[in-house]
Amino acid sequence: MEKRRLVFYGDSNTYGYDPRDFSGWRYPEKSIWVSLVAEALKDVFDVENEGVNGRRIPTGRFYSYDTGLIGSLSENDIFAIMLGTNDILMNIEPDADRAIKAMDEFIGFIKEQEHHPRILIIAPPCIGQENDADLIFMRFYRECVKMNDGFRKIAETRGCTFADASGWGIEMSFDRCHFSEEGHRIFAKHMISFLKGEKNGLGLHY
């Protein structure tokens with residue numbers, strides 16, 4: 001049976017960025033969660049890492065880049081999106097509503113294509129904590145929670161599959177927004193389990 005493509009479209013936490021190296025290097029290939037998923041599911045999927053450092057949720061003028069990638073996927077392939085962290089982190093005034101609006105429009109763009117893949121929206125782990133001693137990180141956390149709830153509603157409305165990685169207990173590095181190597185292992189474990197689940201709506205067969 002021909003294998004399906006599984007594209008993980010994300011930011012630096014998908015790319016595998018190592019925050020200990022400020023030149024943009026990544027963790028060893030075999031340590032990155034996408035690679036761990038690819039190895040575990042190699043009999044079912046051709047897994048592709050489409051993570052880019054600093055990526056935000058695309059808006060209209062950036063759709064041209066994604067058209068070729070999305071258009072190359074069949075209706076049985078999976079396009080998994082984990083974005084939103086930079087939309088919160090890289091704004092003077094973090095605004096979950098702006099990120100939610102951008103995600104809804106991006107999903108709408110994908111759905112408008114003549115042939116589009118199955119879509120998995122992954123809510124990313126939150127930055128900071130609920131009662132963070134750092135007021136800035138507490139603000140980040142609250143906006144992330146609001147954003148992820150908005151992503152859940154988009155998935156329900158748009159007929160997409162939803163995975164909430166904010167509840168997976170991902171270990172972060174010293175900068176509090178990038179996964180540690182252990183965080184990548186934890187994320188991969190949960191993602192593999194989710195993809196193998198019988199009720200994820202992705203039509204997987206093992």
Side-chain angles (χ1 to χ4, degrees), residues 8-20 22 24 26 32-34 49-63 65-66 79-111 119-180 182-184 186-188 190-191 194:
F8 287 109
Y9 181 86
D11 53 27
S12 54
N13 277 327
T14 299
Y15 173 76
Y17 174 71
D18 182 351
R20 298 169 299 184
F22 296 103
R26 67 208 306 199
I32 299 168
W33 69 263
V34 178
N49 188 331
E50 283 288 338
V52 173
N53 290 338
R55 177 183 276 150
R56 302 188 193 190
I57 301 166
T59 53
R61 64 194 180 94
F62 294 109
Y63 289 165
Y65 168 81
D66 303 301
F79 188 66
I81 306 165
M82 187 169 74
L83 290 172
T85 299
N86 289 317
D87 297 76
I88 298 296
L89 187 65
M90 298 173 68
N91 280 297
I92 297 175
E93 291 293 331
D95 185 354
D97 289 331
R98 185 185 307 160
I100 293 167
K101 182 176 184 292
M103 181 64 80
D104 186 51
E105 292 176 350
F106 184 46
I107 298 300
F109 162 76
I110 297 172
K111 290 277 190 175
I119 301 170
L120 167 61
I121 301 175
I122 306 169
C126 296
I127 308 167
Q129 300 176 359
E130 171 63 38
N131 298 307
D132 207 298
D134 187 318
L135 294 180
I136 295 176
F137 274 88
M138 184 168 65
R139 173 84 182 276
F140 286 152
Y141 176 84
R142 291 177 178 175
E143 290 299 307
C144 284
V145 170
K146 182 179 179 182
M147 177 184 72
N148 286 346
D149 185 57
F151 288 174
R152 182 190 301 275
K153 292 175 181 175
I154 290 170
E156 292 172 354
T157 302
R158 296 281 192 178
C160 305
T161 300
F162 180 77
D164 189 357
S166 67
W168 291 355
I170 305 303
E171 181 181 278
M172 296 294 190
S173 66
F174 66 91
D175 67 0
R176 303 171 72 181
C177 61
H178 289 102
F179 300 174
S180 66
E182 177 62 19
H184 276 271
I186 295 170
F187 193 98
H190 282 278
M191 180 54 62
F194 177 84

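As the structure is a computational prediction, the values presented were derived from the model and not from experiment.
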**Student:** At what distance, to the nearest 0.5 angstrom, does SG of Cys144 lie from CD1 of Ile88?
**Tutor:**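 Between Cys144 SG and Ile88 CD1, I get 5.5 Å after rounding to 0.5 Å.
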**Student:** Is Asp97 salt-bridged to Lys101, cutoff N-O under 4.0 Å?
**Tutor:**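 No, this pair does not count.
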**Student:** Quick one: SG on Cys160 to CD1 on Ile122, what's the gap to the nearest 0.5 Å?
**Tutor:**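 Output value for this atom pair is 12.0 Å.
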**Student:** Counting C-beta onward and ignoring hydrogens, is there a side-chain heavy-atom pair between Leu83 and Pro58 closer than 4.5 Å?
**Tutor:**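 Answer yes - side chains close enough.
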**Student:** Using a 4.5 Å cut-off on heavy atoms from C-beta on, say whether the side chain of Trp33 contacts that of Ile170.
**Tutor:**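 Of all side-chain heavy-atom pairs linking Trp33 with Ile170, none is under 4.5 Å.
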**Student:** Does the Lys NZ or Arg CZ of Arg152 fall within the cation-pi geometry relative to Phe162 - under 6.0 Å from the ring centre and within 45° of the axis?
**Tutor:**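 Judged by the rule (NZ or CZ under 6.0 Å from the ring centre, within 45° of its axis), Arg152 is not positioned above Phe162.
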**Student:** Say whether, by atom type as modelled, one donor and one acceptor occur between the side chain of Ser180 and the main chain of Gly183 under 3.5 angstrom.
**Tutor:**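 Such a contact is found between Ser180 side chain and Gly183 backbone.
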**Student:** Any sub-3.5 Å donor-acceptor pair from Asp87's side-chain atoms to Ala96's backbone N or O?
**Tutor:**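 No.
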**Student:** With the side chain counted from C-beta on, respond yes when Asn91 and Glu143 share a heavy-atom pair under 4.5 Å apart, and no when they do not.
**Tutor:**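 They are not in contact (no side-chain heavy atoms under 4.5 Å apart), so the answer is no.
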**Student:** Let me confirm one number: the CE-CG distance from Met90 to Asp11, rounded to the nearest 0.5 Å.
**Tutor:**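 So the gap between those two atoms works out to 10.0 Å.
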**Student:** Checking the side chain of Asn86 only, and the main-chain atoms of Arg55 only, is there a donor and an acceptor separated by less than 3.5 Å?
**Tutor:**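 Side chain of Asn86 to backbone of Arg55: a pair is present.
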**Student:** Can you tell me how far NE2 of His184 sits from NE2 of His178, rounded to the nearest 0.5 angstrom?
**Tutor:**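 His178 atom NE2 to His184 atom NE2 measures 9.0 Å (nearest 0.5 Å).
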**Student:** Report yes if some heavy atom in the side chain of Cys126 is under 4.5 Å from a heavy atom in the side chain of Val145; otherwise report no.
**Tutor:**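 They are in side-chain contact.
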**Student:** Could you tell me the separation between the CD1 atom of Ile121 and the CZ atom of Phe79, rounded to the nearest 0.5 Å?
**Tutor:**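 Ile121 CD1 to Phe79 CZ: 11.0 Å, rounded to 0.5 Å.
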**Student:** More than 12 heavy atoms of other residues, nucleotides or ligands under 6.0 Å from NZ of Lys153: is that the case?
**Tutor:**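 At most 12 heavy atoms, drawn from other residues, nucleotides or ligands, come within 6.0 Å of this atom.
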**Student:** Do we get Arg176 above Tyr141's six-membered ring, with its NZ or CZ under 6.0 Å from the centre and within 45° of the axis?
**Tutor:**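 Because its charged atom misses either the 6.0 Å distance or the 45° angle limit, Arg176 does not stack over Tyr141.
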**Student:** Name the orientation class of the two ring planes belonging to Trp168 and Phe194 (parallel below 30°, tilted from 30 to 60°, perpendicular beyond 60°).
**Tutor:**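 Tilted.
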**Student:** Should Ile119 and Arg158 count as side-chain neighbours, where that means a heavy-atom distance under 4.5 Å?
**Tutor:**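 Heavy-atom side-chain distance check fails, nothing below 4.5 Å.
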**Student:** Do the non-hydrogen side-chain atoms of Phe179 and Met172 ever get within less than 4.5 Å of each other?
**Tutor:**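 Result yes, sub-4.5 Å side-chain heavy-atom pair found.
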**Student:** Are Pro94 and Arg142 packed together at the side-chain level, in the sense that at least one heavy-atom pair is separated by less than 4.5 angstrom?
**Tutor:**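 Result no, sub-4.5 Å side-chain heavy-atom pair not found.
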**Student:** Any idea which heavy atoms bring Asn148 and Ser166 closest together, and the distance?
**Tutor:**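 Closest approach of Asn148 to Ser166, heavy atoms only: ND2-CB, 3.7 Å.
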**Student:** Looking at every heavy atom in both Pro124 and Met147, which two are closest together, and how far apart are they?
**Tutor:**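 The pair with the smallest heavy-atom distance is CG-CE, 4.0 Å.
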**Student:** Once rounded to the nearest 0.5 Å, what's the spacing between atom CG of Asn49 and atom CZ of Arg26?
**Tutor:**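 Spacing of CG (Asn49) from CZ (Arg26) equals 5.5 Å.
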**Student:** Considering all heavy atoms of both residues, which atom of Ala123 and which atom of Asp164 are nearest to each other, and what is their separation?
**Tutor:**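 Looking at all heavy atoms of both residues, the shortest contact is CB-OD1, 3.7 Å.
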**Student:** Is there a donor-acceptor pair under 3.5 Å between the side chain of Asn13 and the backbone N or O of Cys177?
**Tutor:**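 Side chain of Asn13 to backbone of Cys177: a pair is present.
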**Student:** Is any side-chain heavy atom of Phe106 closer than 4.5 Å to one of Ile81?
**Tutor:**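 Ile81 vs Phe106: side chains touch.
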